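Structure record follows, encoded as structure tokens.
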Amino acid sequence: MEFTTFDPANFRDELEAAGDNRNIGTAVQFENERVRVWDITLDPGDRLPFHGHTNEYFFTCVEPGRCVSRFPDGNQVTMDYRDGETWYSERGEEPEIHDLENVGDTRIRFVTVELL
């Protein structure tokens, strides 16, 4: 894991809209009254725009790779995700806002489940 910074002014318009952007993946695979299952597939150089998580969720990496996530405060983290690696995030009072960019040289894919 690498922690660095970036200039949020470069993403000003996108960050202003991020709190209302609930598209946390590239495609919804399943949804009912209790869960929403997203596919996130990013080829090298692809980026999921800034978006806001308002539900608890977990994700599992199903195709490994390297991504950077940026946060509104100017911090960013670069991670190498392994196949099968799973993370869980609890819901806070405010939306969890970040983006996701594939900075590796292979496709990366996650399955993300929002708990509704």
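FYI, side chains are in, hydrogens and waters are out, and symmetry mates aren't considered; it's all heavy atoms of this structure. Since the structure is predicted, the reported quantities are computational estimates derived from the model, not experimental observations.
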Can you name the side-chain hydrogen bond (donor to acceptor under 3.5 Å, both in side chains) partners of [X], sequence neighbours left out?
{"X": "Asn23", "value": "none"}
{"X": "Asp13", "value": "none"}
{"X": "Asn55", "value": "Glu114"}
{"X": "Gln29", "value": "none"}

Once you round to the nearest 0.5 Å, how far does [atom1] of [X] lie from [atom2] of [Y]?
{"X": "Ile97", "Y": "Asp73", "atom1": "CD1", "atom2": "CG", "answer": "11.0 Å"}
{"X": "Arg66", "Y": "Ile108", "atom1": "CZ", "atom2": "CD1", "answer": "10.5 Å"}
{"X": "His98", "Y": "Leu48", "atom1": "NE2", "atom2": "CG", "answer": "7.5 Å"}
{"X": "His51", "Y": "Glu96", "atom1": "NE2", "atom2": "CD", "answer": "7.5 Å"}
{"X": "Leu115", "Y": "Glu90", "atom1": "CG", "atom2": "CD", "answer": "10.5 Å"}
{"X": "Leu116", "Y": "Asn32", "atom1": "CG", "atom2": "CG", "answer": "7.5 Å"}

To check you understand the geometry: which heavy-atom pair defines the closest contact between [X] and [Y], and what is its length?
{"X": "Gly19", "Y": "Pro95", "result": "O-CG, 4.3 Å"}
{"X": "Gly104", "Y": "Pro44", "result": "O-CB, 3.4 Å"}
{"X": "Pro72", "Y": "Pro8", "result": "O-CG, 3.7 Å"}

Sub-3.5 Å donor-acceptor pair from the side chain of [X] to the main-chain atoms of [Y], do we have one?
{"X": "Asp99", "Y": "Arg70", "answer": "yes"}
{"X": "Ser89", "Y": "Glu56", "answer": "no"}
{"X": "Thr26", "Y": "Thr41", "answer": "yes"}

Please report the C-alpha distance between Arg47 and Glu14 in whole Å, then the side-chain angles of each, then the deciding distance to 0.1 Å, and finally whether the salt bridge (charged side-chain N to carboxylate O under 4.0 Å, His left out) criterion is met.
CA-CA 13 Å; Arg47 183 175 158 270; Glu14 197 174 300; 2.4 Å; yes
CA sep, side-chain torsions, deciding dist, call: Phe110, Leu42, side chain to side chain contact (heavy atoms under 4.5 Å, CB included):
CA-CA 9 Å; Phe110 302 92; Leu42 299 172; 5.6 Å; no
Tell me every residue that passes ring pair (Phe, Tyr, Trp, His ring centres under 6.0 Å) with Phe6, counting only those two or more places apart in sequence or in another chain.
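Listed in chain order: Phe11.
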When hydrophobic residues are tied together by side-chain contacts of less than 4.5 Å, even through go-betweens, does [X] share a cluster with [Y]?
{"X": "Val62", "Y": "Val28", "answer": "no"}
{"X": "Tyr57", "Y": "Trp38", "answer": "no"}
{"X": "Leu100", "Y": "Met79", "answer": "yes"}
{"X": "Val103", "Y": "Met1", "answer": "no"}
{"X": "Tyr81", "Y": "Phe3", "answer": "yes"}

Parallel, tilted or perpendicular: which describes the rings of Trp87 and Phe59, with under 30° parallel and over 60° perpendicular?
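If you compare the ring of Trp87 with that of Phe59, the planes turn out parallel.
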I'd like to know whether Phe50 forms a side chain to side chain contact (heavy atoms under 4.5 Å, CB included) with Asn21, so could you lay out the CA-CA distance, the side-chain angles of the two residues, the decisive distance to 0.1 Å, and finally the verdict.
CA-CA 8 Å; Phe50 280 95; Asn21 180 5; over 6 Å; no
Within a reach of under 6.0 Å around CG of Asp105, are more than 12 heavy atoms found that belong to other residues, nucleotides or ligands?
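12 or below, so no.
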Listed once per pair and sorted, the salt bridge (Lys or Arg N to Asp or Glu O under 4.0 Å) pairs that draw on residues 22-33, sequence neighbours left out:
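Pairs touching residues 22-33 that pass the test: Glu31-Arg36.
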